[in-house]
Structures are given as structure tokens and as C-alpha cells.
J.: 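Have a look at this one before I ask anything.
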Amino acid sequence: SGHYGRDPWRFRFKVKLYPEDVAYNIIQDVTLRLFYMEIKDLVITDEVYCPPETSVLLASYCCQEKFGDFDPEIYHTSLLDIDGLLPVRVIQQHRLTHSQWEEKIVDCWLEHKDQLR
């Protein structure tokens with residue numbers, strides 16, 4: 001970011017990369033992390049269409065990546081930032097409460113036990 005006068009500038013660096021098998025083609029952790037962040041941003045901002053079920057699944061992968069395995073003793077209600085995990089379109093399309101979205105994401109998150117990447 002920079003400033004010219006009073007208006008802030010925001011720079012984004014984008015690279016088009018379409019690996020057939022992410023786990024095999026992306027070897028370096030930093031490249032994998034950047035790829036993950038770009039895909040997450042594209043889905044959350046709805047630049048790339050993602051069906052609601054897939055959005056919930058991707059949100060659960062985000063939780064696994066950020067927090068590791070789900071532990072009900074550590075993670076409690078309102079832990080998840082639903083707005084930062086799901087596209088606004090998906091949230092508005094389905095009239096679910098925050099806790100209902102959280103429950104759907106946690107149900108998928110439980111399936112990722114012991115996943116590292």
C-alpha cells in the first residue's frame with residue numbers, strides 16, 4: 001500500500017497457475033500458501049463461482065488449515081468468522097443463522113482429522 005495525497009493505493013500481485021494436482025505440482029510451502037490465499041479470496045469475493053455445498057467444504061478446509069483438528073473443548077460457538085469463510089451470496093441465498101452455518105462447517109471440519117496439507 002502507498003499514499004498519494006489522501007487516497008491509499010492497494011497493490012495486488014496475481015499469478016495465473018492452474019495445476020492439475022496441487023499436492024504434486026506445488027512443492028514449496030510458500031507457493032502452496034499463496035495459491036491457497038488467492039483461491040480463498042476469489043471464492044469469498046465471488047469472483048469465482050462456488051456452489052454453497054462446496055463453499056462450506058472449502059470453509060472447513062480453511063478451519064483445518066488455520067486451527068488444525070477440531071477439538072470441541074477448545075472451539076466453541078462464535079469461533080468462526082462466517083463472513084470471512086463464505087461468500088456473501090451464499091450467506092444471503094440461504095437463510096441460516098450464524099450457528100447453523102457454523103454447525104455445517106464444523107461437520108465438514110470433523111472429516112479432515114489429521115490432514116496436514
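Sequential numbering from 1 along the given sequence is applied to the chain's residues. Keep in mind that what you see is a predicted model, and the values were worked out from it rather than measured.
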J.: Check the pair V106 / E102 against side-chain contact (heavy atoms from CB on, under 4.5 Å), numbers first and verdict last.
T.: CA-CA 6 Å; V106 168; E102 189 174 72; 4.3 Å; yes
J.: Could you pull out the closest heavy-atom pair between L58 and V43, with the gap in Å?
T.: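 Closest heavy-atom pair between L58 and V43: CD1-CG2, 4.2 Å.
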J.: Can you name the closest pair of heavy atoms from A59 and L86 and give their distance?
T.: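 Scanning both residues, the minimum pair turns out to be CB-CD2, 4.0 Å.
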J.: Report yes if some heavy atom in the side chain of H112 is under 4.5 Å from a heavy atom in the side chain of S60; otherwise report no.
T.: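 A side-chain contact under 4.5 Å exists here.
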J.: Test of understanding: clusters of I, L, V, M, F, W, Y form through side-chain heavy atoms closer than 4.5 Å, transitively. Do V56 and L110 belong to the same one?
T.: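 V56 and L110: one cluster.
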J.: Can you tell which of L85, V90, D83 makes a side-chain contact (heavy atoms from CB on, under 4.5 Å) with W101?
T.: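 The single option meeting the side-chain contact (heavy atoms from CB on, under 4.5 Å) with W101 is V90.
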J.: Set out, in order, the CA-CA distance, both residues' side-chain angles and the distance that settles side-chain contact (heavy atoms from CB on, under 4.5 Å) for Q64 and F70, then state yes or no.
T.: CA-CA 7 Å; Q64 179 68 22; F70 179 78; 5.9 Å; no
J.: So, does S55 use its side chain to make a donor-acceptor pair with the main chain of P51 at under 3.5 Å?
T.: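 At least one qualifying donor-acceptor pair exists.
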J.: Does Q100 reach the main-chain N or O of T97 with its side chain, forming a donor-acceptor pair under 3.5 Å?
T.: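 Side chain of Q100 to backbone of T97, a donor-acceptor pair under 3.5 Å: yes, one is there.
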J.: side-chain contact (heavy atoms from CB on, under 4.5 Å), that's the test. Do E53 and L57 meet it? Break it down for me.
T.: CA-CA 6 Å; E53 299 81 20; L57 178 62; over 6 Å; no
J.: Rounded to the nearest 0.5 Å, how far apart are CG of D71 and CD of E73?
T.: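 It comes to 5.5 Å.
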J.: Drop me the distance from L42's CG to E47's CD, to the nearest 0.5 angstrom.
T.: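 Reported to 0.5 Å precision, the distance equals 5.0 Å.
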J.: Counting C-beta onward and ignoring hydrogens, is there a side-chain heavy-atom pair between D41 and M37 closer than 4.5 Å?
T.: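 No, every pair of side-chain atoms sits at 4.5 Å or beyond.
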J.: Please test L96 against K104 for side-chain contact (heavy atoms from CB on, under 4.5 Å), starting from the C-alpha separation and ending with a verdict.
T.: CA-CA 10 Å; L96 298 176; K104 285 182 171 294; 3.5 Å; yes
J.: Do the side chains of Y36 and I44 join up, straight or via other hydrophobic residues, at under 4.5 Å, putting them in one cluster?
T.: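 Each belongs to a different hydrophobic cluster.
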J.: Would the distance check show the side chain of D46 and the main-chain N or O of P87 forming a donor-acceptor pair, the cut-off being under 3.5 Å?
T.: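 Such a contact is absent between D46 side chain and P87 backbone.
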J.: Before accepting this row, confirm whether a basic side-chain N of the pair E38/R33 lies closer than 4.0 Å to the acidic partner's carboxylate O.
T.: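 No, E38 and R33 are not salt-bridged.
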J.: Check whether more than 12 heavy atoms from other residues, nucleotides or ligands sit under 6.0 Å from atom CD of E103, and answer yes or no.
T.: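 No, CD of E103 has 12 or fewer neighbouring heavy atoms, counting only those of other groups under 6.0 Å.
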J.: Nearest 0.5 Å, please: how far is CD1 in I39 from SG in C62?
T.: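 It is 11.0 Å, given to the nearest 0.5 Å.
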J.: Can you give me the closest heavy-atom contact between H98 and L80, atom names plus distance?
T.: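 H98 and L80 have their closest heavy atoms at NE2-O, 3.1 Å.
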J.: State, to 0.1 Å, how close H94 and P52 come at their nearest heavy-atom pair, and which atoms those are.
T.: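 The answer is NE2-CG, 3.3 Å.
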J.: Can you classify the ring geometry of W109 versus F67 as parallel (below 30°), tilted (30 to 60°) or perpendicular (above 60°)?
T.: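 Ring orientation of W109 relative to F67: tilted.
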J.: Indicate the atoms forming the closest heavy-atom contact of G84 with K40, along with that distance.
T.: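 That closest heavy-atom pairing would be O-CE, 3.5 Å.
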